[in-house]
Amino acid sequence: MRILHVAAEVAPFAKAGGLADVVGGLSAQQCAAGHDVRVVMPDYRAVRPPHLALESAGQPHQCTVGGGDIYFEYQRLPELVHYAVVYFVACREFFGSGGIYGAGEREAQRFLLLSRAAVQLCHDLQWAPDIVHCHDWHTAMVPLLMAEDRHVDRLFGDTRCVLTIHNISYQGVYPARVLDDAGLGGLHEALEASVVDDEINFLRAGIEAADALTTVSPTHAKEICTPEHGMGLDKVLLARGDRFGGILNGADYRHWDPATDAALVRRYTPETLAGKAECKRALVHELDLEIDPEAPLLGMVSRLVAQKGSDLVVTALPGILAEQPVGLVVLGDGETPYTDALRELSDNFPGRVAFVQAYDEALAHRIVAGSDLFLVPSRYEPCGLTQMYAMRYGTVPVVRQTGGLADTVQHFDPDTGTGNGSVFPDADVNGLRWAVETALDWYRDPEQWQRVQANGMRCDFSWAQRVPEYEALYRRALAHD
Ligand code: ADP
Ligand code: GLC
């Protein structure tokens with residue numbers, strides 16, 4: 001199949017969270033399965049890896065965004081084996097500076113530009129994808145742009161659009177005039193239901209217009225069809241009936257495997273776990289911790305926002321640290337109350353708590369490898385990737401039973417030896433404490449610990465498992481009128 005992914009983030013080129021890992025991993029695996037896969041993303045000049053050798057791909061175009069005329073052009077990487085062909089949309093005004101997100105109304109303009117550039121690229125290449133796969137609100141307008149295009153051109157006559165919702169709490173709500181300012185006033189009629197009080201909801205528009213919809217785990221697909229978790233879009237999703245479902249994310253083991261991970265001091269496998277102990281020693285040393293080598297080390301790598309249960313961590317951990325001889329490493333950035341509380345925690349437990357307020361890809365790998373337990377106590381989690389990575393590295397996840405965490409982690413039962421982590425049901429401090437303390441009990445019994453570690457390392461969450469599910473979904477979308 002000819003498949004075009006359009007996304008705001010794609011690993012390893014620009015990443016703020018799991019979206020990047022997913023688009024990078026899924027597109028590469030689809031290539032490996034023999035599909036003709038291309039990816040369109042912005043060329044964020046300030047974020048772009050320094051040695052990326054891009055070459056120009058085609059003529060510059062002019063378009064109207066934000067009420068003014070701008071120029072954009074495409075750049076691409078030379079073709080790489082088992083990677084999709086990635087096109088970068090270069091535009092000095094919109095992608096010449098700044099990070100991936102966080103630019104107010106400009107964000108809407110940036111991603112409208114990306115969406116239009118994706119449609120234009122297909123025309124330039126005279127390449128009609130079977131499937132255009134959009135991700136999150138940023139590219140949710142693509143199905144509408146393609147519908148418009150069909151009025152004047154036949155290129156997309158047989159193309160179908162799939163929209164994957166990675167995080168329903170980010171919907172892209174902006175003054176409706178952003179469309180007029182982009183010369184897209186003609187879309188208003190099609191968007192009627194998505195414009196409320198003169199504000200356009202990008203995600204809602206995409207949910208209504210896409211040929212098929214997914215979110216990133218089966219459990220989360222059920223959750224967001226309820227008023228409690230649907231963030232106001234449950235009825236809109238329910239109205240799409242069987243066009244909406246959940247497909248679990250995969251883990252990209254090209255980048256996340258302790259047997260090959262270049263970020264580690266020592267690589268290891270389930271048979272050579274002494275390498276993991278070396279990674280732990282190196283991490284303790286790197287972060288100036290002074291814990292006993294035998295003491296359990298808790299790790300966390302996360303955006304520090306309410307979704308991730310950051311409040312549970314900063315409330316539960318002081319008690320755990322006071323009563324148990326554990327160390328704690330947290331890598332993350334986010335909202336001030338959590339970063340302040342974590343800094344205070346590291347001041348109160350010198351030598352036992354390290355808080356690194358940064359985004360650091362290599363350190364994230366070293367923490368996943370060097371920790372014994374890995375905390376993912378999310379209030380909601382569409383899928384979550386770090387628990388899957390942790391398991392592959394023999395690091396036992398402590399998770400809340402929600403969304404994709406519930407679909408990937410089963411509570412360990414010492415009697416039967418089944419299960420791969422510690423799971424607590426409700427998002428409260430006692431739940432998290434209980435789950436950490438229960439895992440610490442297992443840790444003190446080497447036989448039990450080796451078992452729960454081995455169960456996690458054996459799990460296979462590779463994209464190869466998931467690609468056939470997307471193929472089936474694409475085929476169903478192509479069968480629709
Ligand atoms: P989300 O997309 O909601 O943030 P996921 O678990 O799907 O959650 O993906 C998070 C991804 O971002 C993982 O690859 C994780 O390692 C990475 N990550 C999160 N915070 C940081 C950070 N501060 N430094 C490096 N990587 C991070
Ligand atoms: C979102 C979700 C996360 C998911 C990721 C990739 O950011 O918060 O649960 O794993 O997207 O799909």
Side-chain angles (χ1 to χ4, degrees), residues 5 7-12 14-27 99-101 133-138 163-171 203 214-221 223-224 229 231 246-256 261 263 299-310 329-335 338-339 342 354-369 371 374-393 395 397 399-400 402-409 461 463 466 470:
H5 287 276
E9 311 173 25
V10 185
K15 170 170 167 181
L19 170 62
D21 288 2
V22 167
V23 180
L26 170 61
S27 59
I100 302 176
Y101 302 119
H133 194 149
C134 314
H135 299 268
D136 275 349
W137 75 264
H138 325 112
L163 171 63
T164 293
I165 303 167
H166 296 262
N167 200 330
I168 199 164
S169 65
Y170 301 90
Q171 299 182 1
L203 186 62
T214 64
T215 189
V216 288
S217 69
T219 293
H220 193 62
E223 289 169 348
I224 59 178
H229 302 291
M231 312 266 180
I247 298 181
L248 192 69
N249 279 337
D252 190 344
Y253 293 132
R254 294 172 311 164
H255 299 300
W256 291 96
D261 192 333
M300 179 169 180
V301 177
S302 181
R303 295 182 294 116
L304 298 170
V305 295
Q307 173 195 346
K308 300 293 179 180
S310 309
V329 176
V330 179
L331 168 64
D333 205 354
E335 291 164 14
Y338 310 126
T339 54
L342 284 164
F355 169 45
V356 183
Q357 186 178 353
Y359 185 91
D360 185 333
E361 184 73 26
L363 180 57
H365 285 243
R366 294 197 290 275
I367 293 174
V368 170
S371 308
F374 199 83
L375 305 180
V376 197
S378 306
R379 290 186 171 272
Y380 76 93
E381 195 62 76
C383 181
L385 300 171
T386 56
Q387 80 282 8
M388 299 192 214
Y389 302 154
M391 284 188 260
R392 177 51 65 119
Y393 284 70
T395 306
V399 310
R400 189 168 94 79
T402 181
L405 300 173
D407 290 341
T408 51
V409 186
F461 297 109
W463 276 111
R466 305 276 87 92
Y470 277 104

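In this chain, numbering begins with 1 at the start of the sequence shown. Here the structure is a predicted model, which means the values were calculated and not measured. Atoms within each ligand, like the ligands themselves, are counted from 1 in listed order.
Polar contact check, H166 against ligand 2: a nitrogen or oxygen pair lies under 3.5 Å apart. Ligand 1 has no N or O atom lying under 3.5 Å from any N or O atom of D333, backbone or side chain. Looking at ligand 1, you'll find an N or O of R303 within less than 3.5 Å of one of its N or O atoms. Residue contacts with ligand 1: W256 is placed with no nitrogen or oxygen under 3.5 Å of a nitrogen or oxygen of the ligand (distance criterion only). For ligand 2, the polar-atom distance check finds an N/O of G384 within less than 3.5 Å of one of the ligand's N/O atoms.
Using a 4.0 Å cut-off to heavy atoms of V216, the atoms of ligand 2 that qualify are 12 (O). In the vicinity of L19, heavy-atom distances shorter than 4.0 Å reach the ligand 2 atoms 6 (C). Close contacts between ligand 2 and N167 involve ligand atoms 8 (O) [criterion: under 4.0 Å to a heavy atom].
The aromatic ring centres of Y170 and H138 sit 6.0 Å or more apart.
In this structure, K308 is part of the shell of residues with a heavy atom less than 4.0 angstrom from ligand 1. Heavy atoms of S302 come nearer than 4.0 angstrom to ligand 1 in at least one pair. Between H365 and ligand 1 there is no heavy-atom distance shorter than 4.0 Å. In this structure, A358 counts as a contact residue of ligand 1, since one of its heavy atoms falls inside 4.0 Å of the ligand.
At a heavy-atom cutoff of 4.0 Å, ligand 2 is contacted by no atom of D21, backbone or side chain. The part of V22 lying near ligand 2 is the side chain, judged by heavy-atom distances below 4.0 Å. Residue D21 touches ligand 1 through its side chain alone, judged by heavy-atom distances below 4.0 Å.
You'll find the side chain of V301 stays beyond 4.5 Å of the side chain of Y389, heavy atoms only.
The pair R303-D333 does not meet the salt-bridge criterion, since no charged nitrogen lies less than 4.0 angstrom from a carboxylate oxygen. Comment: E381 engages K308 in a salt bridge, judged by a side-chain N to carboxylate O separation of less than 4.0 angstrom.
In this comparison of Q307, Q387, H135, H220, the heavy atom closest to atom 8 (O) of ligand 2 sits on Q307. Here atom 9 (O) of ligand 1 lies nearest to G18 when heavy atoms of G18, A364, G332 are compared.
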